[in-house]
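Below is one structure; the comments refer to it alone.
Just so you know, these numbers use all the heavy atoms, side chains as well, and skip hydrogens, waters and symmetry mates. Naming convention: chains lettered A, B, ... in sequence-line order (proteins, then strands); numbering from 1 in each chain.
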Amino acid sequence: MKSGRGAENAFCHFHLGFRGLRVDAKYKPAEIEPKWQKFWEEHRTFEVEVDPKQEKFYLLEMFPYPSGRLHMGHVRNYSIGDVMSRYLVMRGKNVLHPMGWDAFGLPAENAAIENRVPPAKWTSSNIDYMRDQLKRMGYSYDWRREFATCDPDYYRWEQLIFVKMFAKGLAYKAKSFVNWCDRCNTVLANEQVEQGYCWRHSDTLVRQKDLEQWFFKITDYAEELLEWTEKLPGWPEKVLLMQRNWIGKSRGAYIHFPLERAVTDPETRQALDRIIVYTTRQDTVYGATFMSLAAEHPLAEVLSKGTSQEPAVRKFCDRVRREDKIKRSAEDYQKEGVFTGAYCRNTMTGARLPVYVANFVLMDYGTGAVMAVPAHDQRDFDFAKVYDLPIIPVVQPAERPELRAGEMTEAYEDEGLMINSGEYNGLLSEAFRRKITERLLQEGRGGPAVNYRMRDWLISRQRYWGAPIPIIYCEKCGTVAVPEKDLPVVLPQDVEINFSAGSPLKQVESWVKTRCPRCGGEARRETDTMDTFVESSWYFERFCSPRCDTGPFAPEEVGYWMPVDQYIGGVEHAVLHLLYARFWTKVLRDLGYVKFDEPFTRLLTQGMVIKESFACPGHGELKPAEIAADNTCAQCGAPVAERIEEGKPLVKVCKGHGYFFPEEVKAGKCRKCGLPLQTGRKEKMSKSKKNVVDPADLVDRLGADTVRLFLLFAAPPDKEIDWNDEGVQGAFRFLNRIWTLASQNLGKVKDIPAGTLVKHDFLAGAPDEVALFRQIHQAIAEVTQRLDRFLFNTAIAALMELYNALSGFDPDRGEDRPRRRALFRLGLETLVTLINPFTPHLAEEIWRELGHRESTFRLAWPTPDPKALLREEFELVLQVNGKVRGKAQVPVDAPEDELRRIALTHERVRAYTEGKAVKKVIVVPRKLVNVVV
RNA sequence: GCGAGGGUGGUGGAAUGGCAGACACGCCGGAUUUAGGAUCCGGUGCUUCGGCGUGGGGGUUCAACUCCCCCCCCUCGCACCA
C-alpha cells in the first residue's frame, strides 16, 4: 500500500525526524511520547505570560512533597489537572498551570539519619528524579515557574510575612500544653492530631507537653473563615462542612460565679473573687449544683491551698495532665474528680456550690470551667451520681411526667418549660435563654458569648529541615524580629541531624549565636522552624511571579492570575492545608499584599487509588497466658498490640504477620502461621500494605497516555479507583485501535485539503454517512458537556463510541468516494482533537501524520453543528401499563394525535390491549406513549 | 453517639421522573496467527421464557435507580466542645 511511503515523504523534512505511520506500524508509545515531550520543551509550548486581552484561568494541583518517586495518587491528581488544563487552553483560555515542590519536611531528616545524606541533597535529588517522572507523563506545566519551598529565595518572603505578623500580634509565643509526637521529635498542631495519634504515625500516641511555642492567631479569623464557607459554591459541600465543624462555633454566655472566699493569683498577685464559666445552656443556671474546673485551670490548685484537700488536688491534677489524649477521650474514660475544698455561689440562687476539679473538663474549650447542671447534662449527671451531689431539674419536658431528681436515670438535655427557676417558671427554655443572658449582662454577672472550638495554629517545630523562624532573643531587648534587610535567615548547611539534645539547630552554635539587631549585644537565634504547612499556604501566589526579588510576588501578576480558578487535590487536606491557606490569604490581604478574600474559587477533591491487600489477621484477643515473655504471640511469635475500643477495657491482640504481596500468597493462607488471610479488603495503596502499583513501570510498558487514560476512565474523579491491571490493558488496547485505524486509513484521507471538509453536505449522503456525521457532532457535544462537569469517565465513553462508529465506516464502499473519505477524515480529526487533552502524545502524532503543521496544544476546541444534532425521526417508545411493548420510528414533528394513533394501532401494543378498555393514554412528546388499560 | 456520602450485572461504572445496565473489564463461542499482555467477528443481568430485576419494606405517579417515609448495610469525617 502506498499510504506508508506517502506519509514518510510528507514529513521527511521535519527536524525531529518523524518517520510517519505505516500500515504495519505498531503503536509504540515509548518512541512517540519522549519525542513529543522534547518537541513541547523545545517549542516552549507550555509557557504562559500575563495577557490582559485574554481570559485567564489559573489551574492548580496540590504540589507534591518530593518523597522520591511519583505514586499513583500523584499521577491521578496531575492527570485530572492536565486534562482540564489542556481542555481550557483549547477553549481559548490563558491557562496558568505551574508545578513545584513542597520541599521541607520530616522524611528528609529521617533519611539523613538513616543514610547520612544531608536533607538538602536528598531533597534535590528526589526533585530531579520526580521532575523527570512528571515530564515523562507529558503534563503541560510551565516549568520556568518551578521552585522548591526550601529555596531561601522562597522562604525569605515567608519569613518577611512572619515578621509582619509578629508586629501585628498575629504571630506570638506562648507557653501551653502542646501535642508532642515522639517519633517526629516535635510538637504538632491540633489539626495534625487524629484521634489522639500523630497524623504521620498512626501508631504513635501524642503526648501533652508544657512548652513555649510559636502560634499564628488563626482564631482572629475564625468568624470570617466560617462565614466564607457559605460563599464558596465551587467547593464540595463535604469539605466546607468539615471546616465548619472544625471551627466549631457555638453561641452561649459567660456567667460569673462568686467565690465564697476570694483568693490571690500567685502569678499576677491579683485578687480573684469569681469563677467564670462558658455555657450554651444558660437557661439551666438555676439547676447548677456544683462547679467543675479543668486540671489545667489556674484556680484549680490555688483554691485548695491551705485546705485539707491540697495534696489530693495536686496529685489529681498532675495525674490528669499527664494522661494522653486518646485515654482522655476514650468512651469508657471514668469521670473522676476531686473536691478543691472551696465553694462558690450560684449567681442566681445564692446556693453554695462545691468546686471540683474534673478530668473531663477541657482547658482548651470555653474558660476551662463548667457550671455543672446534673439534671440537664449527662456528664454532670454521671459525675453527680458518683460523688452524691444534688440534682435539681429546671427544664420540664412537655407532655412527659414531671422530672423528679430522685427518679431520673439520665439527664434531660432537650428544651422544655422552666421550673425551679424563680420568677421565670413557666417560660420556654429557649425564650428564657435570651432573657437570662440579657439580665446577666445588665447586672455585670456575665453576658452573651460566642465560642470556637478551633485553637490557634501552633507553627513551632523542633526540627532542622524547615524555614527558620526569624526571631532573635536578646537579654536586654527581649524577643526581637529579624529586620527585613537581614532576611533570609538561612538554614545552615552541614548540620549533623541528631535529636538527642532537642532540635538539631540548637547544636549549631555558630548559627545560634548572633547579635541583637536592636542593641548590637550578644543574642541567640530562635531554633524552632516553621510547620511545613506554612509554605503550602502561599505557594500558589509565588507561582504567579516565582523569580520576583522585590517581594513575595509581583502585585500585577498576582492581580491577574489569582485567585486560583480550579484547585485539585486530595480530600485528606480538607481541614489542614485548605484551612491554613485560606487563613494565610486573609492575613496577606490585611497586610496589603493581595486584594481577594479567598485563594481557591473552585475545588475538586479527587478520590484515592485503592487495591486489594492480603493481611494476616493474627490470633485475635490474647489471654495473658498466650503472650510470650518478649511480648509476642505465643502461638506464632507475631507482635502483640494494645487495643483500645469504645466502652471496653484495654485488650491485647496478636497483630499477625502483616501484609503480603499477591505473589507471596498461596491458597489464601499466611505463610508463617497458616491463618486464612484477610483478602478482598481494598485499601489505599501503600508500601506497608504491599499493594502498590508503581506508575513508572506502567509508563515504561504501556506509555503515559495509557496510564492517563485509564486513571480518568476508571471512575469519576471524586470517587476511589479500584485498581485492576486488566483495565489498564483495556485503555492500552483502545489507543492501539485508534492508532491502527489511523494508520490503515491514512493513505485514503491524507491528501484531502483541509478546507474541503466543511464544504460537503454530509447530511445529504447515504444513511451511514448521515449517521456518522451525527455521531461526530454528538461526540463533540457530549465530550464538551462532560468535561465542563469533570465527568472524564463518561467523556471517554463518548470518545469510544465515536471510535466504534468510525471503525465501522468504510470510506471506500459507497458511490461518492471523495465525500466519504472527507467524512472519514472529519471523524478521525474530531476524534484526535477531542482526545488530545487525555492522550496528547498520541493526538500530536496522528495529527502530524494527517498533514497538519501545528501542535494540537492550541487547537481550537470544536463546536457541534446544530444541524447535525437535529433529527428528523426519533424512536417512539410504546408502553402498555408502563412496560415497554414496542418501538416505532416517527418524524420528530408528528403531532400528539399521530403518536397516539401509532401507539394504539401498533401490533405489539394491540396484543396487550386486546379485549381491554383503554383507560388512559399518556403522550410524552418526542419520547413515548403509555397506554393504560 | 452526631454529621455527611453511598448501596445498580461476575467487575469498574452509565442513566434532566420516561427503553435500567451506555462505555469498558472479565467471561463464552468463532476467525486469524509461527508466536503474542496482539487483532477481528458474535454473545453476555436473571429466567421455569409467563415474567423478574437498581440493599429491604411501604408510599406518591400513567411511569421511580431517580421523589417521600421506615429499616438494614458500607465508607468517610467528628466525637466528653459545657
Does [atom1] in [X] sit with more than 12 non-hydrogen atoms of other residues, nucleotides or ligands closer than 6.0 Å?
X: Arg786(A); atom1: CZ; value: yes
X: Glu907(A); atom1: CD; value: no
X: Arg244(A); atom1: CZ; value: yes

**Prompt:** Centroid-to-centroid, Phe710(A) to Trp723(A), below 6.0 Å?
**Reply:**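 Aromatic pair counts; centres sit under 6.0 Å.
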
**Prompt:** With a 6.0 Å cut-off on ring centres, are Phe290(A) and Phe383(A) close enough?
**Reply:**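 Distance test on ring centres: under 6.0 Å, yes.
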
Would you measure the distance from the [atom1] atom in [N] across to the matching atom in [M] and give it in whole Å?
N: C46(B); M: A22(B); atom1: P; result: 13 Å
N: C62(B); M: C71(B); atom1: C1'; result: 29 Å
N: C78(B); M: G13(B); atom1: P; result: 24 Å
N: U48(B); M: G10(B); atom1: P; result: 16 Å
N: C28(B); M: A15(B); atom1: C1'; result: 28 Å
N: C65(B); M: U75(B); atom1: P; result: 27 Å
N: G21(B); M: G53(B); atom1: P; result: 16 Å
N: G6(B); M: G55(B); atom1: P; result: 13 Å

Within less than 4.0 Å of OP1 or OP2 of [N], is there a side-chain N or O belonging to [X]?
X: Tyr278(A); N: A82(B); answer: no
X: Arg379(A); N: C81(B); answer: yes
X: Arg453(A); N: A79(B); answer: yes

Does a side-chain N-to-carboxylate-O contact under 4.0 Å join [X] and [Y]?
X: Lys684(A); Y: Glu720(A); result: no
X: Lys26(A); Y: Glu31(A); result: no
X: Asp364(A); Y: Arg453(A); result: no

**Prompt:** Where does G9(B) land, syn or anti, given syn is within 90° of 0?
**Reply:**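 Nucleotide G9(B) adopts syn.
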
**Prompt:** Pick one for G59(B): is it syn, with its angle within 90° of 0, or anti?
**Reply:**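 This nucleotide is in anti.
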
So if I take every side-chain heavy atom of [X] and compare against [options], which nucleotide ends up nearest?
X: Asn793(A); options: A14(B), C81(B), G36(B); value: A14(B)
X: Pro716(A); options: C25(B), A82(B), A14(B); value: A14(B)
X: Arg737(A); options: A14(B), A82(B), C25(B); value: C25(B)

**Item:** Aromatic Phe360(A) / basic Lys335(A) pairing, under 6.0 angstrom, 45° off normal
**Value:**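 Yes.
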
Base, sugar-phosphate, or nothing: which does [X] touch, judged by heavy atoms less than 4.0 Å apart?
X: Gly248(A); value: nothing
X: Arg701(A); value: base
X: Asn804(A); value: sugar-phosphate
X: Phe290(A); value: nothing
X: Gln729(A); value: base

Mind calculating the distance between [atom1] ([X]) and [atom2] ([N]) to the nearest angstrom?
X: Tyr803(A); N: A22(B); atom1: OH; atom2: P; answer: 19 Å
X: Trp723(A); N: C25(B); atom1: CH2; atom2: P; answer: 15 Å
X: Arg786(A); N: A24(B); atom1: CZ; atom2: C1'; answer: 14 Å
X: Arg885(A); N: G18(B); atom1: CZ; atom2: C1'; answer: 16 Å
X: Arg908(A); N: C19(B); atom1: CZ; atom2: P; answer: 17 Å
X: Phe792(A); N: A14(B); atom1: CZ; atom2: C1'; answer: 17 Å
X: Gln744(A); N: U39(B); atom1: CD; atom2: P; answer: 12 Å
X: Phe710(A); N: G13(B); atom1: CZ; atom2: C1'; answer: 11 Å

May I ask you to test the [X]-[Y] pair for a side-chain heavy-atom distance under 4.5 Å?
X: Tyr27(A); Y: Arg737(A); answer: no
X: Val395(A); Y: Arg281(A); answer: yes
X: Leu702(A); Y: Val728(A); answer: yes
X: Val357(A); Y: Met291(A); answer: no
X: Val373(A); Y: Thr289(A); answer: no

**Aromatic plane relationship, Phe838(A) with Phe792(A) - under 30° parallel, 30 to 60° tilted, over 60° perpendicular** =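 Ring orientation of Phe792(A) relative to Phe838(A): perpendicular.
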
**Request:** Name the residue closer to the 5' end of RNA chain B, choosing between Ala797(A) and Val877(A) according to the nucleotide with the nearest heavy atom.
**Result:**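 Nearer the 5' end of the strand: Val877(A).
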
**Request:** Let me know, please, whether Arg789(A) or Tyr912(A) comes out on the 5' side of the other along RNA chain B by nearest nucleotide.
**Result:**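 With Arg789(A) and Tyr912(A) compared, the 5'-side residue is Arg789(A).
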
Just the table, please: protein N/O against nucleotides 2-12 of chain B N/O, every pair under 3.5 Å.
unit_1 : atom_1 : unit_2    : atom_2 : d
G12(B) : O2'    : Ala714(A) : O      : 2.6

**Prompt:** Ignoring hydrogens and angles, are the base of A38(B) and the side chain of Arg733(A) linked by a donor-acceptor pair under 3.5 Å?
**Reply:**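 Per atom types, no contact qualifies.
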
**Prompt:** Between the base of C19(B) and the side chain of Lys887(A), is there a donor-acceptor distance below 3.5 Å?
**Reply:**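 Such a pair exists between side chain and base.
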
Using a cut-off of under 3.5 Å, enumerate the N/O to N/O pairs linking the protein to nucleotides 58-63 of chain B.
unit_1 : atom_1 : unit_2    : atom_2 : d
C62(B) : OP1    : Lys920(A) : NZ     : 3.2
C62(B) : O2'    : Asn930(A) : ND2    : 3.2
C62(B) : O2     : Asn930(A) : ND2    : 2.7

**Prompt:** Which stems does RNA chain B form, counting runs of 3 or more consecutive Watson-Crick or G-U wobble pairs with both distances under 3.5 Å?
**Reply:**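 Runs of three or more consecutive pairs: B:1-7 with B:72-78, B:10-12 with B:23-25, B:26-31 with B:39-44, B:55-59 with B:67-71.
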
